[in-house]
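Computed over heavy atoms, backbone and side chain alike; hydrogens, waters and symmetry mates excluded. By convention in this document, chain letters (A, B, ...) are assigned in the order of the sequence lines, proteins followed by strands, and residues within each chain are numbered from 1.
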Amino acid sequence: MSEAPSGNEYREQRLANLAALQEMGYPSYGCAFTRTGTLAELRETFEEGRAVTAAARLSTIRDMGKSIFADLRDGSDRFQVYVQKKELGEEAFKAFKLLDLGDQVGVEGELFITRTGEPTLKVAKWTLLSKALLPPPEKWHGLKDVEMRYRQRYLDLVGNPEVRELFNKRSALIREIRRYLSERDFIEVETPMLQAQAGGAAAKPFVTHYGALGSDVYLRIAPELYLKRLLVGGFDKVFELNRNFRNEGLDRTHNPEFTMLEIYEAFSDVNGMRELIQGMIIHVAETVFGTLSVGEGDTALDLTPPWREATYHELVRERMGADWFDLSLDDARTKAEAAGLDLDPEWDRLLVTHEVYEKMIEPSLQQPTFVTRLPARLVPLAKACPDDSSLVDVFELVIRGQEVAPAYTEMNDPIEQRRRFMEQAGEDETKIDQDFVTALEHGMPPAGGMGVGIDRLMMILSGAEAIRDVILFPQLKQKG
RNA sequence: GGGCCGUUAGCUCAGUUGGCUAGAGCACUUGACUUUUAAUCAAGGGGUCCCGGGUUCGACCCCCGGACGGCCUACCA
């Protein structure tokens, strides 16, 4: 959007109006202006005859010759102002007519109620705070063009109040999460985003170069390994709420940078995490969205506790038959393919089962479900179940078919952790974060840990269909 | 990465089996109007029909290539 907007008739006209205003002694870009309050506050505290000031953007103008009605709009509300020639005088009235839709103005005057019952500010004095050289989006339909909504989000916010409302809620959601955690004595910490090794998850990282050290560094894909170092250091209830970066596909539920909440609590475990996440989601649903139900009809979501809990094996058997885990690889493969799955010939028994889970089970879990006891090989940073070393003591919270929060009883045995890393790295020791293993060797307390995808949580609670609708500036291809 | 669809005025959208000067509403300009609220009434201006090439007497429309976007799919601890 860098092309010069010259030749635009609207811009030319507005520049002419600006020049005319300047000639009449009106500065075109004002400075600080003291408001009685936002437009919403003005409406809430309305009192006929009260003298007030207000500042906002002009959103509609109804010019009736010797008097003008106009609507101001800010992020909070809309409020009508009334401008009369005999009240303002010839000069100021004439100058007011040089204002355009989208201009930021400051006004001063008394409140009154019009014949039709509309609370209104009668303007005694006005000042231009900022001249808009380009016109706002269409006043009735708003801005629809999806690409422009994302690329020029400010226009989306100006033209579509419901979009602003959604992002107000996102801000409130993040605030309530922080409140919820700090009330429970968790402290918020910041750990490196530039890492020598991108650990804590399996995803392609973004690589960048650090000139001063002459070495490549990675943007983090997860903060996990640093937060666990803090457990070793004696911080026993920590969380980090910030961006992760993953160099992978872009679709309805993936953005390369996304907001992740990670929480670790020493001397707790996966059960502690379950209590915490259920309480936290209910808290934000109630305080921010005012309800525990989202949407209507077949896809309606009910967050009323307790939430369903089912083991990975139970869910797979439920879907594929009670004998699924007794089948040979070939029989399982045949059955899965018959169910419509496309399987990689390299996959072993466990991966075939996992494909069934990811493609056929997870997407079908609409209501909140804690899926527990996952195969150990899939989760190298979690501790084994006490009664079965092939399974790990974890859950994945799935809502509306999306994984919202994985939680573990964290692995704190350095010898076992090193063995699992080796298994995953295929003996390539350079891929292993040795300092992290060293930290474990200094003794990490038993702990529960959890990650929560904030964008996805926001999608679920707001009913948004696309992650781009809950991220202010989502990633798009560059034009050109 | 693959498939399908879309891109027309500043914005929201019509439209043409390939044919005269490409339309509407909002917005803009001019005029009227001192209680309107999507103000109203009258007149007017405004277009690289996404870009490039091709077919044709003639292309916004058909064909080929490209850009960007959307949906699906693939990838994805």
Side-chain angles (χ1 to χ4, degrees), chain A residues 1 3 5 7-14 16-17 59-73 78-88 93 97 100-102 112-120 122 132-152 155-156 158-160 199-204 221-222 224 246-256 258 342 344 350-351 354-355 357-359 362 374-382 392 394 396 402-403 406 408 420 424 451 465-466 468-469 474 476-480:
Chain A
M1 295 291 140
E3 68 269 21
N8 180 316
E9 60 167 312
Y10 296 93
R11 190 163 185 275
E12 298 302 324
Q13 180 59 45
R14 283 158 183 259
N17 292 347
S59 68
T60 60
I61 298 172
R62 297 177 286 283
D63 183 347
M64 310 190 49
K66 295 191 178 63
S67 72
I68 301 168
F69 286 94
D71 287 341
L72 298 184
R73 192 183 285 280
R78 175 198 71 84
F79 202 86
Q80 178 169 271
V81 298
Y82 182 50
V83 182
Q84 264 183 320
K85 189 175 187 175
K86 77 165 189 222
E87 182 85 18
L88 271 191
F93 188 75
K97 292 209 177 197
D100 293 293
L101 292 182
F112 76 108
I113 293 193
T114 63
R115 192 185 286 171
T116 51
E118 174 89 13
T120 301
K122 183 184 257 182
L133 297 180
L134 292 170
E138 215 261 2
K139 66 180 175 186
W140 188 243
H141 297 94
L143 183 65
K144 291 266 175 62
D145 184 272
V146 178
E147 188 175 352
M148 211 185 301
R149 286 187 47 223
Y150 296 145
R151 286 192 198 277
Q152 293 179 277
L155 292 180
D156 191 26
V158 167
N160 301 322
K204 251 179 271 165
I221 56 176
E224 174 157 357
R246 296 187 181 176
N247 199 344
E248 289 177 358
L250 199 55
D251 65 28
R252 224 160 37 99
T253 57
H254 295 84
N255 196 65
F258 61 100
D342 203 10
D344 187 318
L350 185 134
L351 291 175
H354 198 57
E355 182 71 2
Y357 174 75
E358 291 213 314
K359 290 285 148 57
E362 193 176 83
L374 269 68
R377 219 176 80 204
L378 299 174
V379 195
L381 293 160
V392 279
V394 303
E396 285 190 353
Q402 287 187 56
E403 185 187 327
Y408 312 159
R420 297 253 203 112
Q424 186 190 33
E465 293 295 329
R468 287 174 171 185
D469 291 329
L476 295 179
K477 256 196 202 180
Q478 291 183 9
K479 284 272 199 183

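- For the pair A:Gln13 CD and B:G46 P, the interatomic distance rounds to 15 Å; values are reported in whole Å.
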Distances under 3.5 Å between nitrogen or oxygen atoms of protein and nucleotides 4-8 of chain B:
none

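- A:Arg420 places a side-chain N or O within 3.5 Å of a backbone atom of A:Val379 that can act as its donor or acceptor partner.
- No engagement by A:Leu381 is indicated, since no non-hydrogen atom pair under 4.0 Å with the nucleic acid exists.
- Across all strands shown, A:Lys85 has no heavy atoms under 4.0 Å from either base or sugar-phosphate atoms.
- Regarding contacts with the backbone of B:A38, every side-chain N or O of A:Lys139 stays at 4.0 angstrom or more from both OP1 and OP2.
- Residue-level contact check: A:Gly159 touches neither bases nor backbone, having no heavy atom under 4.0 Å from any strand.
- Comparing B:G25 with B:G45, their P atoms sit 14 Å apart, to the nearest whole Å.
- Rounded to a whole angstrom, the distance from the C1' atom of B:A14 to that of B:G6 is 16 Å.
- Base engagement by A:Glu118 is indicated by at least one non-hydrogen atom pair under 4.0 Å involving a base atom.
- Looking only at distances, a side-chain donor or acceptor of A:Glu248 sits under 3.5 Å from a matching main-chain atom of A:Lys204.
- Between A:Arg468 and A:Pro474, the shortest heavy-atom distance links the atoms CG-CB, 3.5 Å.
- Side chain of A:Asp251 to backbone of A:His254: a donor-acceptor contact under 3.5 angstrom is found.
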* Can you run through RNA chain B from 5' to 3' and write each base as (, ), [, ], | or . depending on how it pairs? Watson-Crick or G-U wobble, both distances under 3.5 Å. => (((((((..((((.....[...)))).(((((.......))))).....(((((..]....))))))))))))....
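- Nucleic acid contact for A:Gln84: base, since at least one base atom lies under 4.0 Å from a heavy atom of the residue.
- Side-chain polar atoms of A:Asp156 and A:Gln152 form no donor-acceptor pair below 3.5 angstrom.
- A:Phe112 comes within 4.0 angstrom of a base, heavy atoms only.
- When the C1' atom is compared between B:C28 and B:G47, the two are found 15 Å apart, to the nearest whole Å.
- Scored by the side chain to side chain donor-acceptor pair (under 3.5 Å) test, A:Gln80 finds A:Arg62, A:Thr120 as partners (sequence neighbours excluded).
- Between A:Arg62 and B:U36 there is no side-chain N or O to OP1 or OP2 distance below 4.0 Å.
- When heavy atoms are screened at a 4.0 angstrom cut-off, A:Pro136 is found touching no nucleic acid atom at all.
- To the nearest angstrom, P of B:U34 lies 15 Å from NZ of A:Lys122.
- A:His354 comes within 4.0 angstrom of no nucleic acid atom, judged by non-hydrogen atoms across all strands.
- The distance from atom CG of A:Asp145 to atom C1' of B:C11 is 10 Å, rounded to the nearest whole Å.
- Taking the C1' atoms as reference points, B:A39 lies 14 Å from B:A32, given to the whole Å.
- One interatomic measurement links the two molecules: CG of A:Leu476 to C1' of B:A67, which rounds to 14 Å at whole-angstrom precision.
- Put simply, A:Trp140 rests on the base of B:A38: the two rings are less than 5.5 Å apart at their centres and nearly parallel, under 30°.
- The side chain to side chain donor-acceptor pair (under 3.5 Å) check on A:Asp63 picks up A:Lys97, with sequence neighbours excluded.
- Comparing B:G19 with B:U7, their C1' atoms are spaced 24 Å from each other, to the whole Å.
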Polar-atom pairs under 3.5 Å, protein N or O versus N or O of nucleotides 71-74 of chain B: list them with distances, or write none.
| from | atom 1 | to | atom 2 | distance (Å) |
| --- | --- | --- | --- | --- |
| B:C72 | OP2 | A:Arg252 | NE | 3.3 |

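- For the ring-ring contact (aromatic ring centres under 6.0 Å, His included) test, residues two or more places apart in sequence or in another chain that qualify with A:Phe69 are A:Tyr82.
- In this entry the distance linking NZ of A:Lys144 with C1' of B:G69 reads 17 Å, nearest Å.
- For A:Tyr357 and B:C76, the OH to P distance is 17 Å, given to the nearest whole Å.
- Distance CD1 (A:Ile61) to P (B:A38): 16 Å, rounded to an integer number of Å.
- Straight-line distance between the P atoms of B:A27 and B:C11: roughly 15 Å, to the nearest whole Å.
- No donor-acceptor pair under 3.5 Å is formed between the side chain of A:Gln84 and the backbone N or O of A:Glu87.
- For the pair A:Lys66 NZ and B:U36 C1', the computed distance is 16 Å after rounding to whole Å.
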